[in-house]
Amino acid sequence: MFNQYNLEEIRDRARASFIGLAVGDALGATVEFMTSTEIAAQYGTFRDIIGGGWLRLKPGLVTDDTEMALCIARAIIRSQTWSMDAVAENFAAWLKGRPVDCGDTCRKGIRRYMVHGTLEAPPNQWDAGNGAAMRLLPAALFSLPDGQRMNKYILEQAHITHNNPVSDAACICLGSMIHLALMGASKSRLRREADGLVARFPTFAFEPYRGLATGYVVDTMQTVFHWFFRGKNFEDCLVGTVNQGADADTTGAICGMLAGAYYGMEGIPGRWIKKMDKSVIAEIEQVTDKLIAACPLGGF
Ligand code: MN
Ligand code: MN
């Protein structure tokens, strides 16, 4: 059913999704924790990868969002299967290496694993941050196009740090949208997935848009949905998203993975790719190709 041409296109969309994540992370990091008003006063419209921000990043470097996704990707590739032990070990090694940033819930969950060896955080109504959603891409790529497998992988990687029904719902919806976009679905088809999430969890309603873009996964997803569905191209989607400020690297990363899967490599502005750290992009291309080669669809 899937000919060579389709697999080529899927590989291109998959690369664009992972590179889109990194580009959104690198772009948004500069304005993370600023308000939209502060961004407008300082930059007009903020639209270039220039580094800086509260983390004082070099232009083109990425943060925890991309790094944790790479931890999952490397674990899959080294294990040649889905192994939560390998994912957890990579998270632990990453945290010991003093990453440039790490969210509180992620840190708490990884430390619990390091002390107790448990792969699942206890359910917690407050652990509804966006940390599980921001890093789920490798689980979506490695399961393509099997929805059941995707749900299992996505929730297992989430629950190491975030065991919360609102986070779970956001992760499953995002994973489904990425699967659909990789297979070439239209925006109206993707919109049905977002509407389905809102039907099950009305708190995710994003019309009218409230303009909140915090690390609370509900605010994060509202911002991504609002700008992804109204954006005319990859750049539009990302610029709208990060100019909301707040958790801009993570809203940027999530919008970037979705818009990348939807628009493909030709959608990502060359000036952004050029600014990115070369070794980050090289590793992303390599792991993405391996994940797609090893997924149920790639093995067809
Ligand atoms: Mn970050
Ligand atoms: Mn962030």
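In listed order, ligands and their atoms are each counted from 1. Values below: all heavy atoms of this structure, side chains included; hydrogens, waters and symmetry mates excluded.
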- Please list, in chain and residue-number order, the protein N/O/S atoms closer than 2.8 Å to the Mn ion (ligand 1). Thr63 OG1, Asp64 OD1, Asp65 OD1, Asp249 OD2
- What's in the same ILVMFWY side-chain cluster as Val115, cut-off under 4.5 Å, chained through other members? none
- Item | Lys/Arg N to Asp/Glu carboxylate O, Arg210 vs Asp219, below 4.0 Å | yes
- Note on the structure: Scanning both residues in full, the closest heavy-atom pair of Leu21 with Met134 reads CD1-O, 3.9 Å
- Contacts of Arg47 meeting side chain to side chain donor-acceptor pair (under 3.5 Å) (sequence neighbours excluded), chain-then-number -> Glu235
Please table the atom pairs, donor to acceptor, closer than 3.5 Å between any side-chain atom in residues 86-106 and protein atoms at least two apart or in another chain.
residue, atom, partner, partner atom, Å
Glu89, OE2, Tyr113, OH, 2.5
Asn90, ND2, Cys71, O, 2.9
Trp94, NE1, Glu67, OE1, 2.8

- Message: Using a 6.0 Å distance limit plus a 45 degree cone around the ring axis, check whether Arg230 lies over the aromatic ring of Trp227.
- Response: yes
